[in-house]
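This report concerns only the one structure given below.
Here is how names work: the chains are called A, B, and so on, in the same order as the sequence lines, proteins then strands, and each is numbered from 1.
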Amino acid sequence: GESVGLHLPTLSVQEGDNSIINCAYSNSASDYFIWYKQESGKGPQFIIDIRSNMDKRQGQRVTVLLNKTVKHLSLQIAATQPGDSAVYFCAENMNSGYSTLTFGKGTMLLVSP
Amino acid sequence: GAVVSQHPSRVICKSGTSVKIECRSLDFQATTMFWYRQFPKQSLMLMATSNEGSKATYEQGVEKDKFLINHASLTLSTLTVTSAHPEDSSFYICSARTGQGAYGYTFGSGTRLTVV
């Protein structure tokens with residue numbers, strides 16, 4: 001289930017489940033969105049991106065959905081594995097990637113074997 | 001792919017001293033680098049944008065005299081935390097633009113700064 005901690009929401013799932021991580025972005029002018037995975041003590045790693053002219057993009061085991069009407073982004077991870085345990089951040093950007101990134105609050109994903 | 005190397009990964013310093021963090025682009029030239037700060041269980045907050053050969057652009061609320069940024073070459077940006085205090089203890093992360101699109105930003109591995 002999902003719980004909201006003091007700063008970081010946490011999503012706990014079982015290995016093999018599908019995970020959905022949500023993000024509300026702030027700027028309606030943003031036109032480029034990126035999902036990052038951050039493991040403890042490391043920098044963010046790129047997972048998948050999507051431009052505002054799309055509403056869905058698929059990668060390997062991951063899908064990003066974009067709903068511009070409500071400024072909502074989601075990351076779906078299929079067949080979640082223990083190695084997927086990390087904090088996931090969405091980031092938004094304007095000018096097709098040329099402006100600075102603004103990061104969302106993040107969600108911690110905990111995958112139990 | 002593009003790699004950004006950040007050093008040191010961990011540093012402990014005494015209050016009042018200064019600490020320098022380096023961020024290098026290993027296989028590409030980075031005219032623009034970014035410095036972020038991240039407190040435990042929180043998101044990355046942009047501190048400043050570092051531009052090669054010119055002054056850095058600081059975000060509102062970030063003291064430029066405390067967080068000195070130097071971007072003297074196309075492959076190196078440094079962040080110096082001057083007169084560090086315990087409240088400066090944080091995880092500092094740099095990133096560099098590698099171009100437009102999917103891999104437009106590459107991040108360093110971060111520096112854990114502890115001020116005692």
Side-chain angles (χ1 to χ4, degrees), chain A residues 3-10 21 23-27 30-54 57-60 62 64 86-110, chain B residues 1-11 21-26 31-51 56-60 62 79 90-114:
Chain A
S3 63
V4 178
L6 185 60
H7 295 293
L8 207 59
T10 300
I21 299 170
C23 175
Y25 64 91
S26 58
N27 193 334
S30 293
D31 60 8
Y32 179 51
F33 306 88
I34 312 170
W35 277 101
Y36 288 97
K37 173 185 180 183
Q38 186 181 28
E39 296 174 306
S40 181
K42 297 184 180 179
Q45 291 176 270
F46 172 92
I47 302 174
I48 191 168
D49 63 347
I50 188 168
R51 298 191 183 280
S52 59
N53 61 352
M54 304 173 70
R57 190 159 189 236
Q58 288 184 292
Q60 188 175 12
V62 294
V64 55
V87 177
Y88 289 81
F89 293 98
C90 66
E92 60 187 293
N93 192 279
M94 293 188 293
N95 299 325
S96 300
Y98 280 107
S99 70
T100 57
L101 285 176
T102 300
F103 280 81
K105 293 185 177 180
T107 297
M108 178 174 287
L109 176 65
L110 296 175
Chain B
V3 176
V4 169
S5 176
Q6 185 173 345
H7 292 282
S9 58
R10 291 178 177 271
V11 57
I21 302 169
E22 293 190 347
C23 182
R24 293 181 184 273
S25 57
L26 295 187
T31 54
T32 304
M33 291 187 175
F34 305 92
W35 287 96
Y36 295 85
R37 179 168 51 185
Q38 185 179 32
F39 291 108
K41 296 191 177 182
Q42 293 190 29
S43 188
L44 282 75
M45 296 299 296
L46 180 66
M47 298 175 66
T49 301
S50 168
N51 302 296
T57 303
Y58 289 83
E59 296 299 301
Q60 191 172 8
V62 178
L79 168 68
S90 189
F91 194 54
Y92 293 85
I93 307 170
C94 68
S95 77
R97 284 195 54 83
T98 57
Q100 188 179 4
Y103 299 98
Y105 298 86
T106 297
F107 286 81
S109 53
T111 297
R112 172 73 60 196
L113 170 64
T114 303

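- Listed by chain and residue number, A:Tyr25 satisfy the ring-ring contact (aromatic ring centres under 6.0 Å, His included) test with A:Phe33 (two or more places apart in sequence, or in another chain).
- Using a 4.5 Å cut-off between heavy atoms, B:Leu44 contacts chain A through both its backbone and its side chain.
- Heavy-atom minimum distance, A:Phe89 versus B:Gln38: CZ-NE2, 3.5 Å.
- In this structure, the side chains of A:Asn93 and B:Tyr105 come closer than 4.5 Å at one or more pairs of heavy atoms.
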*Any chance you could lay out the side-chain contact (heavy atoms from CB on, under 4.5 Å) test for B:Tyr36 and A:Leu101, step after step, and finish with the verdict?*
CA-CA 10 Å; B:Tyr36 295 85; A:Leu101 285 176; 3.8 Å; yes
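- For B:Phe39, no part lies under 4.5 angstrom from a heavy atom of chain A.
- With chain A as partner, the option from B:Gly110, B:Gly108, B:Ser109 having the largest number of non-hydrogen pairs under 4.5 angstrom is B:Ser109.
- With contacts defined as side-chain heavy-atom distances shorter than 4.5 Å, the pair A:Gln38/B:Phe91 qualifies.
- In terms of modelled atom types and a separation under 3.5 Å, the side chain of B:Ser43 and the main chain of A:Gly104 share a donor-acceptor contact.
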